[in-house]
Structures are given as structure tokens and as C-alpha cells.
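Everything below concerns the one structure shown next.
The first residue of the sequence shown is numbered 1, and numbering continues consecutively from there.
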Amino acid sequence: MSLALSDLSAYPIVQAPMAGGGSTPRLAAAVSEAGGLGCLAAGYKTADGMYQEIKQLRGLTGRFFGVNLFLPQPGRTDGAAVDVYRSQLGGESAWYRTPLGDTDVPTDDGYETKLAVLLDDPVPLVSFTFGCPSAQVVEAFARVGTRTLVTVTSPEEARAAQDAGADGVCVQGIEAGGHQGTHRDDPELDGTGTGLLTLLAQVRESVGLPLVAAGGIMRGSQIAAVLAAGAHSAQLGTAFLATHESGAHPLHKHALTDPRFPRTELTRAFSGRPARGLVNRFLREHGPYAPAAYPQVHSLTAPLRGAAAEAGDPQGMSLWAGQGHRLARALPAGQLVEVLAAELAVATAKGGRA
């Protein structure tokens, strides 16, 4: 890893910041304590909620950690398309006996307030998703000693991050679970993402920044592969979703290896932005009709997702997962880090003898 990032963890293993409940202070602390880099997700939380989680995490570990922020989204959406989708979800509302959510919601996720909190009480690393922070924001974090990492899905986005002065980029392949971190949500590009190894090569030839590889990584041998391809570390989300400390719903954890959910798809059904999840009834029935309207659709479906979870019905939940989900291991997070590090060591030794 580069000098700017190398002191953050003993192993080149980053726990992905999973918004929506997957990331918890306990999970991030366990990963950092074991030699990885644990991360909190500030997305969907208030600035105070983010601060309280940071405070809790600091009480659990003295190791380095990261916090992820969502960039503000454009306020312009097709209101008529959202209204049509609301009508289409009427049957779901009746079935789960819950009203649909309000779509008149802020689109900035409290970004400026969260920036102020993190600049006033700095953390070791801040990462960004759904866009690139301004050079002024990156410089402000540099002044307080915070490293910055920008999620990218193309060489163009990586160049924007480099121009802004970021310390590194998280290269997210199409295999990744949850939301694609594209800087601009263009429905015309749905389904056209690039696989991780190809994207790593493209980005590596486009920028001189350290690369964190993300997308479908579940084993230490895969970490070795992305390191050989030019990454400085690997970010894993689904692998940590199944751990004991993860905040994911038990039904979600179980579904990762449940034969009833053998594959994943990218869908707008739950949030209005492309996100990879296990194919269930809700995704199949509503994915083809969901508009490009984030976070409005996220807010619209929130009560349905909550009601489905409460009813014990995974067919109505957003079961985010990467393509490697069948390889999930239900271990304590610290033990998973140790297993991954051991697998990485074995793979590296074999490569050295080749």
C-alpha cells in the first residue's frame, strides 16, 4: 500500500462500509482489532447518528478505521414516473398492511453537516460514494490528517478523483453487492458495468493513485489475485455481511447461502439506483418497472422492506449481496480476517514458487 495508506491496517483487507444496517461499530472494531480496516457507513444516518457510532467505535478499539459518506444527489427526478411506481406498489402495501413511504425527501443525505462533524473531530479515513468530493473538501480533510478514498466504477471517475486530490480510489467492479457507486446515475448505462479485473487494469493505466479493489471478493486467494493485478488492498462487503457482528437481519444472513436464492441481479426495485441483490419475488416483479429516482424510491419502499423483515418474509426484503455470496462464512469478524490473511499467505507463497 502507498505511504499515505499503509499505516491504516496490518493486512490489505478492508471491510466495506455497508449502509442500511450491515456495518456496525462492533463489526468495524472487530475487523480493525484483527488487523484489517473496519469501516462505518454514514449513509442514511443523521450527522449525530454518525457521530454516536464513531464514539462507540472508539470505545471498542484504538485501531484505525474509516467512515463512508454519500455525495448529494441531483434533486431532479421524474415525479410522474415515481407516482406510477407508487401505484404499482399498491398491492405490496395492502399485502404487508403498511403505507408506502414519503418521496418528498432530502437528496443530500446531510452531507455538509457530516463534513463539519468529521472535520471538527477527525477520523483516520473518509471514503465517498455516489460522486467525487470537491478539491476543497479533500484539502480540508488533508489539513486535519484524514486520508480520503473515492469509490469509482470507470477510468473517467478515477481521473476525477485524482484531479480532486484524493489519496486513493476504491475500484468497484460490477460483481459488487449493494449499490453501484457510479458518480452519475444514467439509466442508459444500466447493465453495462465492467468486471473487477478488467476495471483494475483500466484504472491502473489511467491514474497513479493507490487502488482498493472491490467486487465479489470472498477468499484470500481472490485478494492475492487483485493484489497481483495492481491493487494495494481488497475491500470485502458480502464476506463480512454474514459475520456475527454484522447488523444485517438474520434472514438476510441466512439467504446468502440459501439454495432458494442462487443468483444476484442489479436492480432499481428497492432504491431507484442500480444495486446488486439476491433475486427474490420483489426484485423479479418490480425491478423491470422501477424508475431512476434515488433516494425517492428508497424512501418509498422503506416501509415495505421493514414490514417484510418483521413478517419474516425475505421475498420482500432488499437482500444486497455480491456475486460471491454462496461463499459466505458465518464466522466472528476477527476470525474471518485471520482466515482471509492465512489464505492470502498461502496463495502468495504458491505464486512465489510458480
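The residues Glu205 and Arg159 are annotated as not salt-bridged, no charged nitrogen and carboxylate oxygen being separated by less than 4.0 angstrom. A salt bridge does not link Asp108 with Lys114: every distance from a Lys NZ or Arg NE/NH1/NH2 to an Asp or Glu carboxylate oxygen is 4.0 Å or more. Salt-bridge annotation for Arg268 and Asp185: present, with a side-chain N of the basic residue lying under 4.0 Å from a carboxylate O of the acidic one.
Using a distance-only test at 3.5 Å, with no hydrogens or angles considered, a donor-acceptor pair links the side chain of Ser206 to the main chain of Gln202. A donor-acceptor pair is defined here as one N or O able to donate and one able to accept, closer than 3.5 Å; such a pair exists between the side chain of Thr301 and the backbone of Phe270. A donor-acceptor pair is defined here as one N or O able to donate and one able to accept, closer than 3.5 Å; such a pair exists between the side chain of Ser32 and the backbone of Gly38.
We find the CD1-CG distance between Ile217 and Leu327 to be 12.0 Å, quoted to the nearest 0.5 Å. Residue Leu256 holds its CG atom at 10.0 Å from CZ of Arg326, rounded to the nearest 0.5 Å. Of the inter-residue distances, the one linking Leu60 atom CG with Lys55 atom NZ reads 13.0 Å to the nearest 0.5 angstrom.
The two atoms that bring Pro122 and Thr146 nearest to each other are CB-OG1, 3.7 Å, heavy atoms only.
With sequence neighbours excluded, the residues satisfying side-chain hydrogen bond (donor to acceptor under 3.5 Å, both in side chains) with Arg276 are Thr264.
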* To do: Show your working on side-chain contact (heavy atoms from CB on, under 4.5 Å) between Gln235 and Gln172 and close with a plain yes or no.
  => CA-CA 9 Å; Gln235 179 171 285; Gln172 185 193 42; over 6 Å; no
* To do: Could you walk me through whether Glu310 and His249 pass the side-chain contact (heavy atoms from CB on, under 4.5 Å) test, one step at a time?
  => CA-CA 10 Å; Glu310 188 173 343; His249 193 284; over 6 Å; no
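Side-chain contact between His183 and Phe130: absent, with no pair of heavy atoms (C-beta onward) separated by less than 4.5 Å. Using a 4.5 Å cut-off on side-chain heavy atoms (C-beta onward), Leu319 and Asn280 make contact.
For Arg147 and Phe141, the positive end is not near the middle of the six-membered ring at less than 6.0 Å and at most 45° from its axis.
Of the N and O atoms on the side chains of Ser23 and Gln15, at least one donor lies less than 3.5 Å from an acceptor on the other residue. Gln323 and Arg263 are not linked by any side-chain donor-acceptor pair at a separation below 3.5 angstrom, with hydrogens and angles left out of the test.
Classified by interplanar angle (parallel below 30°, tilted 30° to 60°, perpendicular above 60°), the ring pair Phe70/Tyr294 is perpendicular.
Of the residues Leu69, Leu71, Thr151, the one that meets the side-chain contact (heavy atoms from CB on, under 4.5 Å) test with Thr129 is Thr151.
Sorted by first and then second residue, the pairs that involve residues 78-95 and meet salt bridge (charged side-chain N to carboxylate O under 4.0 Å, His left out), not counting sequence neighbours, are Glu92-Arg281.
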